[in-house]
Amino acid sequence: QYQIQKALAGIPRDDVMNRIVIAYEPVWAIGTGMSATPTQVQTAHSTIRQTLAKMYDEDIAQTVRIQYGGSVQPNTIQSLMNMSDVDGALVGGASLTSDSFTRIIHQSTPSAITTI
(Lines give C-alpha, C1' and ligand atoms only; values in the text may rest on other atoms or scores of the structure.)
Protein backbone atom coordinates (compact mmCIF):
# COMPACT_ATOMS: atom_id res chain seq x y z
CA GLN A 1 0.00 0.00 0.00
CA TYR A 2 2.64 2.47 1.06
CA GLN A 3 4.65 2.06 -2.15
CA ILE A 4 1.60 2.70 -4.33
CA GLN A 5 0.55 5.71 -2.26
CA LYS A 6 4.07 7.16 -2.36
CA ALA A 7 4.60 6.47 -6.07
CA LEU A 8 1.28 7.97 -7.16
CA ALA A 9 1.17 10.90 -4.74
CA GLY A 10 0.38 14.06 -6.68
CA ILE A 11 -0.29 12.29 -9.98
CA PRO A 12 -3.58 13.50 -11.45
CA ARG A 13 -6.44 11.06 -11.97
CA ASP A 14 -6.37 11.39 -15.78
CA ASP A 15 -2.67 10.55 -15.91
CA VAL A 16 -3.20 7.49 -13.73
CA MET A 17 -6.14 6.41 -15.89
CA ASN A 18 -4.40 6.87 -19.23
CA ARG A 19 -0.67 6.50 -18.66
CA ILE A 20 0.04 4.19 -15.73
CA VAL A 21 0.65 0.44 -15.75
CA ILE A 22 1.57 -1.08 -12.40
CA ALA A 23 3.93 -4.04 -12.17
CA TYR A 24 4.09 -6.19 -9.05
CA GLU A 25 6.88 -8.55 -8.12
CA PRO A 26 7.60 -9.76 -4.61
CA VAL A 27 11.08 -8.72 -3.52
CA TRP A 28 11.97 -12.32 -2.68
CA ALA A 29 11.22 -13.37 -6.29
CA ILE A 30 13.59 -10.91 -7.94
CA GLY A 31 16.30 -12.86 -9.72
CA THR A 32 15.55 -16.09 -7.85
CA GLY A 33 13.50 -18.02 -10.38
CA MET A 34 10.85 -18.39 -7.69
CA SER A 35 7.28 -17.31 -8.37
CA ALA A 36 4.51 -16.37 -5.99
CA THR A 37 1.49 -18.64 -5.95
CA PRO A 38 -1.53 -17.45 -7.91
CA THR A 39 -3.34 -16.83 -4.61
CA GLN A 40 -0.47 -14.68 -3.32
CA VAL A 41 -0.44 -12.70 -6.56
CA GLN A 42 -4.23 -12.23 -6.49
CA THR A 43 -4.06 -10.98 -2.90
CA ALA A 44 -1.33 -8.46 -3.74
CA HIS A 45 -3.10 -7.23 -6.88
CA SER A 46 -6.39 -6.92 -5.00
CA THR A 47 -4.65 -4.82 -2.35
CA ILE A 48 -3.24 -2.59 -5.07
CA ARG A 49 -6.72 -2.12 -6.55
CA GLN A 50 -8.17 -1.30 -3.12
CA THR A 51 -5.43 1.28 -2.63
CA LEU A 52 -6.20 2.83 -6.03
CA ALA A 53 -9.91 2.99 -5.13
CA LYS A 54 -9.11 4.81 -1.87
CA MET A 55 -6.71 7.22 -3.57
CA TYR A 56 -8.84 7.92 -6.64
CA ASP A 57 -12.05 5.94 -7.23
CA GLU A 58 -13.38 2.50 -8.20
CA ASP A 59 -13.21 3.31 -11.93
CA ILE A 60 -9.46 3.93 -11.67
CA ALA A 61 -9.03 0.81 -9.54
CA GLN A 62 -10.67 -1.36 -12.19
CA THR A 63 -9.12 0.36 -15.23
CA VAL A 64 -5.42 0.54 -14.33
CA ARG A 65 -3.58 -2.50 -15.63
CA ILE A 66 -1.69 -4.46 -12.99
CA GLN A 67 0.86 -6.95 -14.26
CA TYR A 68 2.78 -9.66 -12.44
CA GLY A 69 6.50 -9.93 -13.03
CA GLY A 70 7.96 -12.50 -10.64
CA SER A 71 9.65 -15.32 -12.53
CA VAL A 72 6.84 -15.93 -14.99
CA GLN A 73 7.34 -19.35 -16.60
CA PRO A 74 5.47 -21.46 -19.17
CA ASN A 75 4.20 -23.69 -16.35
CA THR A 76 2.90 -20.76 -14.23
CA ILE A 77 1.46 -18.30 -16.75
CA GLN A 78 -1.97 -19.86 -17.20
CA SER A 79 -2.80 -20.07 -13.49
CA LEU A 80 -1.57 -16.50 -12.97
CA MET A 81 -3.67 -15.17 -15.84
CA ASN A 82 -6.74 -16.90 -14.39
CA MET A 83 -6.60 -14.58 -11.37
CA SER A 84 -9.23 -11.84 -11.64
CA ASP A 85 -6.93 -8.93 -10.76
CA VAL A 86 -3.96 -9.97 -12.93
CA ASP A 87 -4.03 -8.04 -16.21
CA GLY A 88 -0.81 -9.30 -17.73
CA ALA A 89 2.73 -10.43 -17.15
CA LEU A 90 6.19 -8.97 -17.38
CA VAL A 91 8.35 -11.83 -18.58
CA GLY A 92 12.01 -11.66 -17.65
CA GLY A 93 14.50 -14.48 -18.05
CA ALA A 94 11.96 -16.83 -19.62
CA SER A 95 11.83 -14.47 -22.61
CA LEU A 96 15.48 -15.14 -23.42
CA THR A 97 14.73 -18.38 -25.25
CA SER A 98 12.21 -18.41 -28.06
CA ASP A 99 10.78 -21.79 -27.02
CA SER A 100 10.02 -20.66 -23.48
CA PHE A 101 8.67 -17.27 -24.52
CA THR A 102 6.51 -18.78 -27.26
CA ARG A 103 5.00 -21.26 -24.80
CA ILE A 104 4.21 -18.40 -22.40
CA ILE A 105 2.46 -16.46 -25.15
CA HIS A 106 0.46 -19.46 -26.32
CA GLN A 107 -0.62 -20.35 -22.78
CA SER A 108 -1.72 -16.81 -21.96
CA THR A 109 -5.25 -15.61 -22.40
CA PRO A 110 -5.71 -12.99 -25.11
CA SER A 111 -6.29 -10.25 -22.51
CA ALA A 112 -2.88 -10.99 -20.99
CA ILE A 113 -1.02 -9.94 -24.13
CA THR A 114 -0.42 -6.18 -24.07
CA THR A 115 1.17 -4.12 -26.79
CA ILE A 116 2.76 -0.92 -25.55
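These numbers were taken from a predicted model, which means no experiment stands behind them.
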Task: Contact summary for Arg103 and Pro74, nearest pair of heavy atoms - done: NH2-CG, 3.6 Å
Heavy-atom side-chain proximity of [X] to [Y] below 4.5 angstrom:
X     : Y     : value
Met83 : His45 : no
Val64 : Met17 : no
Val91 : Gln73 : no
Val86 : Gln67 : no

Task: Electrostatic pair Asp85-Arg65, nearest N-O below 4.0 angstrom - done: no
Return yes if some donor-acceptor pair links the side-chain N/O of [X] with the main-chain N/O of [Y] below 3.5 Å, else return no.
X      : Y     : value
Thr102 : Asp99 : no
Ser95  : Gly92 : yes
Thr76  : Val72 : no
Gln40  : Thr37 : yes

- [ ] Go through the side-chain N and O atoms of Gln5 and Gln1 and say whether any donor and acceptor fall under 3.5 Å apart.
- [x] no
Open item on the list: Testing the 3.5 Å rule here: is there a donor-acceptor pair between the side chains of Gln42 and Ser46?
Closed with: no
With a cut-off of 3.5 Å and sequence neighbours excluded, list every side-chain donor-acceptor pair involving residues 22-36.
residue, atom, partner, partner atom, Å
Thr32, OG1, Trp28, O, 3.3
Thr32, OG1, Ala29, O, 3.1
Thr32, OG1, Met34, N, 3.0
Ser35, OG, Gly70, O, 3.2

Roughly how far, to the nearest 0.5 Å, is [atom2] of [Y] from [atom1] of [X]?
X      : Y     : atom1 : atom2 : answer
Leu52  : Ile60 : CG    : CD1   : 7.5 Å
Gln78  : Met81 : CD    : CE    : 10.5 Å
Ile104 : Thr97 : CD1   : OG1   : 8.0 Å
Asp15  : Leu8  : CG    : CG    : 10.5 Å
Tyr56  : Thr51 : OH    : OG1   : 11.5 Å
Lys54  : Ile4  : NZ    : CD1   : 13.0 Å

Open item on the list: Suppose clustering is done on Ile, Leu, Val, Met, Phe, Trp and Tyr with side-chain heavy atoms closer than 4.5 Å. Which residues sit in the same group as Leu90?
Closed with: none
Task: Residues, nucleotides or ligands: over 12 heavy atoms within 6.0 Å of Gln3 CD - done: no
Task: Intermediate values then yes/no, salt bridge (Lys or Arg N to Asp or Glu O under 4.0 Å), Asp57 and Arg13 - done: CA-CA 9 Å; Asp57 57 48; Arg13 181 187 189 284; 2.7 Å; yes
